[in-house]
J.: 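Let me begin by handing over the structure; questions about it come next.
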Amino acid sequence: METKIYDASNIDEAAELLQAGELIAFPTETVYGLGAIASNDEAVKNVYKVKGRPSDNPLIVHVSDREIAEFVAFVPEQAEALMEAFWPGPLTLIFPMKEGVFAPTVTAGHQTVALRMPAQEQTLELIRKTGFPLVGPSANTSGKPSPTTAQHVLHDLSGKIAGILDGGETQIGLESTVLDLTNAAGPVILRPGAITEVQLEPILGKLAGTKQATDGAEAPKAPGMKYQHYAPAQPVILIDGTAADWEAVIEAYCAEGKKIGILASEEKLAVHKEAAAATYSLGLKKEVTTASQRLYAGLRYLDEQPVDVILAEAYDVAGLGKAFMNRLEKAASAKYPKKTNGIIS
Ligand code: TXA
Ligand code: MG
């Protein structure tokens with residue numbers, strides 16, 4: 001199958017293919033999604049298949065407006081205020097599921113369903129023209145960094161899907177915040193994203209906390225968060241330390257004859273780039289929005305370079321930095337210096 005590139009001028013054709021059960025990737029403000037009409041179980045099964053996605057990991061359904069009553073069992077009071085404040089935008093809400101609305105495979109056996117209205121005009125148009133919501137997991141091969149350009153989608157899925165709606169580079173670069181409104185103890189963030197706790201708390205009050213998806217013996221609430229994610233083929237070493245720490249790590253790899261790739265801020269690259277076989281800039285250190293926008297492109301770029309290891313710079317875990325570090329920690333296979341309370345040990 002040849003994967004065709006669509007733009008604003010031929011959305012009608014892409015919508016017809018979706019209606020017929022074909023897969024079309026679409027841009028959002030976060031990352032590209034792999035679209036299928038959420039009413040067709042064969043089409044949805046195909047999404048899992050082409051991504052190589054584990055079958056226990058439910059999909060986000062993308063809607064084109066805030067009128068969602070027909071798609072869920074009920075709309076919790078807080079959801080109205082959240083949709084008013086943040087939709088369209090990078091906030092996914094988990095609702096109680098309504099039987100018989102979406103194809104069974106969408107929710108992977110859960111009694112809940114994840115909905116989001118993306119802030120991308122062409123994609124909203126695509127959903128409207130299709131006439132029904134679209135599932136949209138990130139349009140990458142499972143385990144690889146999410147795609148932030150149509151070229152990234154082509155790299156992973158060319159020949160496996162009918163088309164890609166090209167909306168250029170995505171603006172935020174990290175997947176949406178996932179907020180569970182069905183938790184008995186109160187709303188809980190299952191995946192950090194561009195909508196932060198500080199933005200949610202005026203509406204929700206103090207949050208029950210950010211759930212670590214795999215802690216304890218409890219079944220993971222956001223199944224996707226338990227898998228290693230966002231990772232290139234080479235080991236990624238996260239460095240959260242001083243210039244001396246960087247030098248120690250670089251020297252150790254050089255002594256082993258290893259070729260080094262560095263993913264870091266302009267400031268960090270200015271000091272260490274001579275030691276690297278390839279580099280990718282995350283922008284100025286103070287701009288975590290730029291770092292977030294570039295993170296996946298950087299991991300993908302360095303993945304293609306002849307390097308044996310990728311050294312990546314840690315950022316402060318504040319605001320959007322929390323989502324950035326969450327993704328980088330999942331991509332990383334080790335952290336330096338080792339911290340006993342670190343996520344990676
Ligand atoms: O920004 C985004 O959210 C992107 C764009 C394309 O919209 N989509 C995305 O989808 O990141 P995906 O499938 O890669 O991630 C969905 C996450 C997974 O961690 C999944 O486990 C969780 O949401 N999820 C989906 N349905 C759920 C449910 N009913 N309960 C708990 N978690 C759910
Ligand atoms: Mg994903």
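Values reported hereafter were calculated over all heavy atoms of this structure, with side chains retained and with hydrogens, waters and symmetry mates removed. By convention here, the first residue in the shown sequence is residue 1. One-based numbering, in listed order, for ligands and for the atoms of each.
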J.: Nearest 0.5 Å, please: how far is CG in L320 from CD in E287?
T.: 12.0 Å

J.: Does some side-chain heavy atom of H155 sit less than 4.5 Å from a side-chain heavy atom of K144?
T.: no

J.: For ligand 1, which part of R53 has a heavy atom less than 4.0 Å away: the side chain, the backbone, both, or neither?
T.: side chain

J.: Only distances under 3.5 Å count here; give the side-chain donor-acceptor pairs of residues 62-70 to other protein atoms, sequence neighbours excluded, each with its distance to 0.1 Å.
T.:
unit_1: H62; atom_1: ND1; unit_2: I60; atom_2: O; d: 3.4
unit_1: H62; atom_1: ND1; unit_2: L134; atom_2: O; d: 3.4
unit_1: D65; atom_1: OD1; unit_2: E67; atom_2: N; d: 2.9
unit_1: R66; atom_1: NE; unit_2: M83; atom_2: O; d: 3.0
unit_1: R66; atom_1: NE; unit_2: W87; atom_2: O; d: 3.1
unit_1: R66; atom_1: NH2; unit_2: W87; atom_2: O; d: 2.7

J.: Nearest heavy atom to atom 18 (C) of ligand 1: which of N57, V178, T177, T28 does it belong to?
T.: N57

J.: Can you tell me how far CD of Q19 sits from OG of S39, rounded to the nearest 0.5 angstrom?
T.: 9.5 Å

J.: Any atoms of ligand 1 less than 4.0 Å from a non-hydrogen atom of T30? List them with their elements.
T.: 1 (O), 2 (C), 4 (C), 5 (C)

J.: Regarding ligand 1, does S138 bring an N or O atom to under 3.5 Å of one of the ligand's N or O atoms?
T.: yes

J.: Looking only at distances, please establish whether an N/O atom of ligand 1 is found under 3.5 Å from an N/O atom of H110.
T.: no

J.: For P137, counting its heavy atoms only, list the atoms of ligand 1 lying under 4.0 Å from any of them.
T.: 10 (O), 12 (P), 13 (O)

J.: Among G173, P27, S176, which one puts a heavy atom closest to atom 3 (O) of ligand 1?
T.: S176

J.: The Mg ion (ligand 2) and S138: any N/O/S contact shorter than 2.8 Å?
T.: yes

J.: May I have the step-by-step check of side-chain contact (heavy atoms from CB on, under 4.5 Å) for T3 and K160, ending in yes or no?
T.: CA-CA 7 Å; T3 301; K160 297 182 177 171; over 6 Å; no

J.: Could you go through residues 117-126 and list every donor-acceptor pair under 3.5 Å that involves a side-chain atom there, pairing it with any protein atom two or more places apart or in another chain?
T.:
unit_1: Q120; atom_1: OE1; unit_2: Q122; atom_2: N; d: 3.0
unit_1: Q120; atom_1: OE1; unit_2: T123; atom_2: N; d: 3.4
unit_1: T123; atom_1: OG1; unit_2: P27; atom_2: O; d: 2.6
unit_1: E125; atom_1: OE2; unit_2: K129; atom_2: NZ; d: 3.0

J.: Against heavy atoms of H62, which atoms of ligand 1 measure under 4.0 Å?
T.: 5 (C), 6 (C), 7 (O)

J.: Just going by heavy-atom distances, which of I94, T107, L115, V47 is nearest to atom 30 (N) of ligand 1?
T.: I94

J.: Salt-bridged, E175 to R116, with N to O below 4.0 Å?
T.: no

J.: Give the atoms of ligand 1, by number and element, whose distance to some non-hydrogen atom of G33 is under 4.0 Å.
T.: 6 (C)

J.: Might you confirm whether atom CG of D316 has over 12 heavy atoms from other residues, nucleotides or ligands at distances under 6.0 Å?
T.: no

J.: For Y301, is there any backbone N or O sitting under 3.5 Å from a side-chain donor or acceptor partner on Q305?
T.: yes

J.: Find all atoms of ligand 1 within a distance of less than 4.0 Å from any non-hydrogen atom belonging to I60, and give their numbers and elements.
T.: 3 (O), 8 (N), 9 (C), 10 (O), 16 (C)

J.: With side-chain contact (heavy atoms from CB on, under 4.5 Å) as the criterion, how do T196 and T177 come out once you've worked through the C-alpha distance, each side chain's angles and the decisive distance to 0.1 Å?
T.: CA-CA 8 Å; T196 62; T177 303; over 6 Å; no

J.: Quick check on contacts: which atoms of ligand 1 are under 4.0 angstrom from a heavy atom of T112?
T.: 28 (C), 29 (N), 30 (N)

J.: Is there a heavy atom in G136 that sits closer than 4.0 Å to ligand 1?
T.: yes

J.: For ligand 1, note which part of R116 has a heavy atom under 4.0 Å away: side chain, backbone, both or neither.
T.: side chain

J.: Any N/O of E175 closer than 3.5 Å to an N/O of ligand 1?
T.: no

